[in-house]
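Below is one structure; the comments refer to it alone.
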Amino acid sequence: MPERIFIGAAWPYANGPLHLGHVAGYVLPADIFARYHRARGNEVLMVSGSDEHGTPVALRADEEGVAPQVIADRYHEKFVEAWERLGVIFDLYTRTGTENHAAVVTDVFLRLLERGHIYQAPMTAFYCEKCARFLPDRYVQGTCPHCGACETRGDQCDACGKPLNADELTEPTCRLCGGVPELRETEHFFLDLAQFSDRLEPWIRGNDRFKPNVRAFSLGLIEAGLRGRPITRDIAWGIPVPVEGFESKRIYVWFEAVIGYLSASKEWAQRQGDAEAWRAWWEEPTKSYYFIGKDNIPFHTIIWPAMLLGYGDLLLPYDVPANEYLTLEHRPFSTSRNWAIWAEDLLSRYDPDPLRYVLSINMPESGDTDFSWREFVRRNNDELVAAYGNLVQRVLTITARNFEGRVPEPGSAGEGERALLAQADETFAQVTEDLAGCRFRKALGEIMALTREGNRYFDERAPWQQVKQDKPAAATTLNTCLQLINALKTMFYPFLPFSSAQLHAMLGFDTALGAGDWGIARVPAGQAFGKIAHLFKRLEPSVAEEEVARLEAQAKQSAP
Ligand SMILES: [Zn+2]
Ligand SMILES: [Zn+2]
């Protein structure tokens, strides 16, 4: 029986380009998982989109002197291009600026209001007399109360990394005009999270799929006491508040962006020509996975589930496999300091599979991990080129040369052959279990260990000599190696879709890879090979130093 798997990947903010931290944090794991499930023959719906609203986009627009939509359009297009180049396949990648999204958000807001989960209350916020407007936190700057850094943003200090409220800053000023703002009272709506504590707590405690850090962090928030959270703001960019008297306010971006998972499912259904098709994914047995970075945990284990409970009759997340952070050359990624590898730039110079490989084998699944150029070059050369690519290349070229470009008929398998193929079966079973459990790093490590066993077997049998001395023995060796690389192709597929498809064709298959074919199939004797070419390119060791120098030069310029 195929399973139904819903995959939500976090929605990137359309206020700047994507860097490798985003890719490793949530986009790549979501794609690996989706590819695995599609290959298993499960029904997959994977959605995400660009988060167009909120102050980061509005502020960037103010700084550039353009409309916020211009900024949102610019980055949305770049994101779509990056997915394409990286080989990330969404069933729908949309944006929060659609009419459909606004309609779904309005519906959720009004239903929660009607059911008493949203209440109205006054709060104080900075108001700039000169600009005649309230200032969201990011529009206020001042001195950080924790570290004393100047020109610190009102929501977070870039110097010490601490989150802030604008009213904690000393000597606050308006970022738009430099004037001194004053605190004023303003009326807003709040989501009454406290109402859901009793239901969220046992749900989180009883979910043994959650990683320990996800569970501990979420329970910690509940134990500290959930409070009402404002869900509207005094800005002009965003989805209007559907209540009279609130025309000048908008729905807070954190509240509406998570609704994107639902609105995207509905948009996908409409595009399928069956507007009700989304229901299967939200109302009937489905496992819903949300791939996010750890900064998004509270939104996916507390806030979104609370909204779903309040709305009623919609499925809660099955798992929230949040990743920790990726650092870059042992420093945190920083957009403002331009300490980042921009996905667009990287994909214009390197193939996607080596990038996917290095980010997966070192994925920050259970703790922060570091991306370094030295490591990138080393893993590309030693692991992809020398271990995997070379094995494929040698097996195929020796076979093609000596057996007329076809898979040779094997003789009876000896102990070495049986042991290797049994190990492939065991690895396959283990990798399957690990992929299903979102342990991508471990799975990839196991596939690479099997690759090394393949090399060991190949070198021990030395088929380049066997073909001269004992051709039937060479046929057995090479057939065994072909079965092995065929199995590797399948196991590597969720991680390295481009090279797996290439190898699939080289082995002489003319079918598409990755749709219901998860399993160890045999390459039939007599099958003619396709065109044989190298799967990966070796990189000069000097590339690492050049790239670090490039990064350091980039950090002296302002971010794109
Ligand atoms: Zn600070
Ligand atoms: Zn001002």
Side-chain angles (χ1 to χ4, degrees), residues 13 15-16 19 21 53-71 122-188 217 220-221 224 230 232-238 241 246-250 252-254 293-298 324-340 368 555-556 558-559:
Y13 259 138
N15 73 321
H19 60 62
H53 298 137
T55 48
V57 175
L59 191 56
R60 175 135 200 175
D62 283 338
E63 283 165 358
E64 290 190 22
V66 298
Q69 193 62 56
V70 173
I71 305 291
M123 62 187 287
T124 54
F126 278 111
Y127 184 86
C128 178
E129 191 82 48
K130 221 160 134 191
C131 297
R133 58 175 290 178
F134 278 98
L135 301 175
D137 289 349
R138 280 200 181 212
Y139 281 74
V140 183
Q141 61 183 30
T143 305
C144 172
H146 304 292
C147 72
C150 312
E151 293 192 3
T152 290
R153 277 190 345 227
D155 60 341
Q156 186 176 25
C157 174
D158 263 347
C160 68
K162 293 219 169 87
L164 295 167
N165 289 319
D167 58 5
E168 294 174 287
L169 295 171
T170 47
E171 296 173 23
T173 55
C174 168
R175 242 176 111 170
L176 298 173
C177 72
V180 180
E182 56 172 39
L183 284 168
R184 275 199 195 175
E185 205 161 84
T186 170
E187 201 65 23
H188 281 288
F217 185 82
L221 292 175
T232 50
R233 307 204 89 184
D234 289 290
I235 59 170
W237 175 240
V241 182
F246 281 78
E247 290 77 9
S248 67
K249 303 173 198 242
R250 295 292 177 267
Y252 211 149
V253 68
W254 67 257
K294 69 176 162 190
D295 50 335
N296 265 321
I297 293 173
E324 306 277 319
Y325 292 142
L326 187 71
T327 56
L328 173 57
E329 302 285 352
H330 300 288
R331 285 162 58 184
F333 274 82
S334 166
T335 301
S336 56
R337 292 205 187 88
N338 209 359
W339 188 256
D368 293 353
K556 294 193 178 87
S558 57

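First listed ligand is number 1; within each ligand, the first listed atom is number 1. Side-chain atoms are counted along with the backbone in the values below, which use heavy atoms only and exclude waters and symmetry mates.
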Problem set entry | Atom pair CG (Leu164) and SG (Cys157), whose distance is rounded to the nearest 0.5 Å | 6.0 Å
Exercise. Is the NZ or CZ atom of Lys294 both under 6.0 Å from the centre of the six-membered ring of Phe217 and within 45° of that ring's axis?
Worked result: no
List the atom pairs, with distances to 0.1 Å, where a side-chain N or O of residues 134-145 and a protein N or O form a donor-acceptor pair under 3.5 Å, not counting sequence neighbours.
| residue | atom | partner | partner atom | Å |
| --- | --- | --- | --- | --- |
| Arg138 | NE | Asp155 | OD2 | 2.9 |
| Tyr139 | OH | Leu59 | N | 3.4 |
| Tyr139 | OH | Asp62 | OD2 | 3.1 |

Problem set entry | Enclosure of Glu247 CD (heavy-atom neighbours >12, cutoff 6.0 Å) | yes
Exercise. Residues two or more places apart in sequence or in another chain: which of them pass salt bridge (charged side-chain N to carboxylate O under 4.0 Å, His left out) with Arg60?
Worked result: Glu64
For this session: Could you walk me through whether Arg175 and Glu151 pass the salt bridge (charged side-chain N to carboxylate O under 4.0 Å, His left out) test, one step at a time?
Result: CA-CA 9 Å; Arg175 242 176 111 170; Glu151 293 192 3; over 6 Å; no
Exercise. Protein N, O or S atoms at less than 2.8 Å from the Zn ion (ligand 1), how many?
Worked result: 4
Exercise. Sub-3.5 Å donor-acceptor pair from the side chain of Ser334 to the main-chain atoms of Arg337, do we have one?
Worked result: yes
Seminar exercise, completed: Near the Zn ion (ligand 2), meaning under 2.8 Å, the protein N/O/S atoms are Cys128 SG, Cys131 SG, Cys174 SG, Cys177 SG
For this session: Compute whether any side-chain donor of one residue and acceptor of the other, for Thr186 and Asp234, lie under 3.5 angstrom apart.
Result: yes
Exercise. Are the side chains of Tyr252 and His188 in touch, meaning some heavy atoms are under 4.5 Å apart?
Worked result: no
